[in-house]
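Chain letters run A, B, ... following the sequence lines, proteins first and then strands; every chain starts at 1.
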2 protein chains.
Amino acid sequence: MMTDRKFANTLARGLSVLRAFRISDDGLSHSQIVERTGLSPATITRLTYTLKELGYLSQNGNLLRLGPSALALASVAQTSTSFLDLAEAPMQELANQTQTLVLMAVRDGGSMTLVRTWRPRNAGSIWLETGNRVPMARSSTGQGFLAGLSEGRFAAMDPDEELIQQRKDAHAQLAAQGFVFVQGEARFSQTINAVSRPFFASDLGEPVVFGCGATPAELTDERILAEVGPMLRDAMRDLELKTGGRRALDQLRT
Amino acid sequence: MMTDRKFANTLARGLSVLRAFRISDDGLSHSQIVERTGLSPATITRLTYTLKELGYLSQNGNLLRLGPSALALASVAQTSTSFLDLAEAPMQELANQTQTLVLMAVRDGGSMTLVRTWRPRNAGSIWLETGNRVPMARSSTGQGFLAGLSEGRFAAMDPDEELIQQRKDAHAQLAAQGFVFVQGEARFSQTINAVSRPFFASDLGEPVVFGCGATPAELTDERILAEVGPMLRDAMRDLELKTGGRRALDQLRT
DNA sequence: AAATACAATTTCGCATAGTGAAACTGGGAG
DNA sequence: CTCCCAGTTTCACTATGCGAAATTGTATTT
């Protein structure tokens, strides 16, 4: 069946165990991991044993958490992502000016994971945290990513009809306005309003997404279209120049 | 030979590929990975193929880098490490007061990896970056870690005579002064002077290390012993209280 | 205490996934 | 053109990782 001689299954399964962890979890039991990964209990025992040996997981009682080696890998990964340095200042500035949460997200399997956020100075509300996951469908973040994703890679996700349609919309928005905004009913979350734009990071081989978000009260549809969206777009065009990367719209052709 | 039925070898090998990446690398070729991991070229082809499929690696030409999935895992790992929040303010304060680089490191395989640094405000020099690795032997960071490590875990590293002796010294220093300082000739690096203290993070299941470092000119042996070491110790006792974790010295008994 | 109900681990026989050696490919360099 | 090296593919073998089921362990209830 799984007849890809090149694909190391055990490795993929082990990594899926690591991917099972969410920031909102305060440790996971084996059975929770079984549930999330769909792997058999025996397999989980073997994989977690291995990951513990290597320091990627650590155990307290029968709860597992990501361990020191995961943290170490984390640091190397983040520090190696060179454009994060350059994004630092302008994104903080954008957060301050718009009084929204500015975020950067990458694709992780079928959803988007926030890898960095910038909060406006002296704002107290509760915001999305780094490490949070957002679905691909019906979110500005996910759609912003899809708008930047090449045909080939999109096809590899074997998307359903709905997603294909959504991506088409996102494309159109990106081309017309320079940003993507999933509006109204379609939004997966009614408590957050957001706008996004893809960024092609040559480091990573596929697009990432930057975006601005806040509650619908603070960030109305009108403000997004007239003010915040354009500011995001301009900030990112600047960033694209500085990093010498391809422009977001060039990706549409790929 | 490798007769541990529970240990998933392929997973370990795959992770060793990820661990091969250093922040100073600007992408790695297959042959470099072969060299660093000691695995056969054929194996590397298969493992990197898998890791690319999953987004943990990305390829530019024939250079590999850590990919988006690695970044995503990174964010979850860092955000899940709860005591980092609490350490934030006091460690920045410590950096400002001592005008040293304050660092936090975890064990990763046989060496220590910096996972977070705090630089003094308005200091311009070049400092160690997050993601850097420091050897276990002959470094204040490594020795601080060993001083906090339990007998059992230390034994599992099957250390040589030299390391056992160094650890004994570190223990003694920690008990006497509340910090560990590898001095003079013994230091692995003559360009950095540092002092450290272990911290037992219940999250991670094994100690981590906090430390202060700078050039020997800025941070003399005398200053470490009289001023910076004690300040580090006090800052961390504070942190231990706040996190409700065990005190560093309690670990000596384990 | 005994009984119940899960959670986690170990056992076990089997199919195959992953292995290294060696052959092959491809693309610079001279 | 041909040499050389990096990377890939092929191949036959066997150790490896697999799930089902049995076993042990650990709370919870009666």
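Distance, I44(B) CD1 to dT9(D) P: 15 Å, rounded to whole Å. Taking atom OH of residue Y49(A) and atom C1' of nucleotide dT10(C), one finds them 13 Å apart after rounding to whole Å. Taking atom CD1 of residue I33(B) and atom P of nucleotide dG7(D), one finds them 9 Å apart after rounding to whole Å. Regarding L47(A), its CG atom lies at a distance of 13 Å from the C1' atom of dG19(D), rounded to whole Å. Rounded to an integer number of Å, the gap from CG of L64(A) to C1' of dT9(C) is 14 Å. Regarding L28(B), its CG atom lies at a distance of 15 Å from the C1' atom of dG7(D), rounded to whole Å. Here the C1' atom of nucleotide dG17(D) and the CG atom of N9(A) are 10 Å apart, to the nearest Å. The nearest whole Å value for the distance from the CZ atom in R46(A) to the P atom in dA17(C) is 14 Å.
The two residues T113(B) and G131(B) come nearest to each other via the heavy atoms CG2-O, 3.9 Å.
As judged by a 4.0 angstrom heavy-atom cut-off over every strand, A8(B) is placed among residues touching the sugar-phosphate backbone only.
In the set dA17(C), dG19(D), dT19(C), dT19(C) carries the atom at the smallest distance from any side-chain atom of T43(B). Closest approach to the A42(B) side chain among dT9(D), dC18(D), dT16(D) is made by dT9(D) (side chain taken as heavy atoms from C-beta onward). Across dA17(C), dT10(C), dT19(C), the shortest atom-to-atom separation from the side chain of K6(B) is found for dT10(C).
In D26(B), the CG atom is not crowded: 12 or fewer heavy atoms of neighbouring residues, nucleotides or ligands sit closer than 6.0 Å.
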Nucleotides 5-8 of chain C: which of its N/O atoms have a protein N/O under 3.5 Å away?
residue : atom : partner : partner atom : Å
dA8(C)  : OP1  : H30(A)  : N            : 3.4
dA8(C)  : OP2  : S31(A)  : N            : 2.7
dA8(C)  : OP2  : S31(A)  : OG           : 2.9

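Judged by distance alone, with hydrogens and angles left aside, the side-chain atoms of Q165(A) form no donor-acceptor pair with the main-chain N or O of E162(A) at under 3.5 Å. Within the 3.5 Å criterion, the main-chain N or O of M136(B) finds a donor-acceptor partner in the side chain of Q143(B). Without hydrogens or angle criteria, D203(A) side chain to S82(A) main chain gives a donor-acceptor distance under 3.5 Å.
An OP1 or OP2 oxygen of dT16(D) is reached within less than 4.0 angstrom by no side-chain nitrogen or oxygen of R13(A). The phosphate of dG18(C) (OP1 or OP2) has a side-chain N or O of T10(A) nearer than 4.0 angstrom.
At least one side-chain heavy atom of S16(B) sits under 4.5 Å from a side-chain heavy atom of L39(B).
Ring geometry for F83(A) against F199(A) counts as tilted: the plane angle lies between 30° and 60°, on a 0 to 90° scale.
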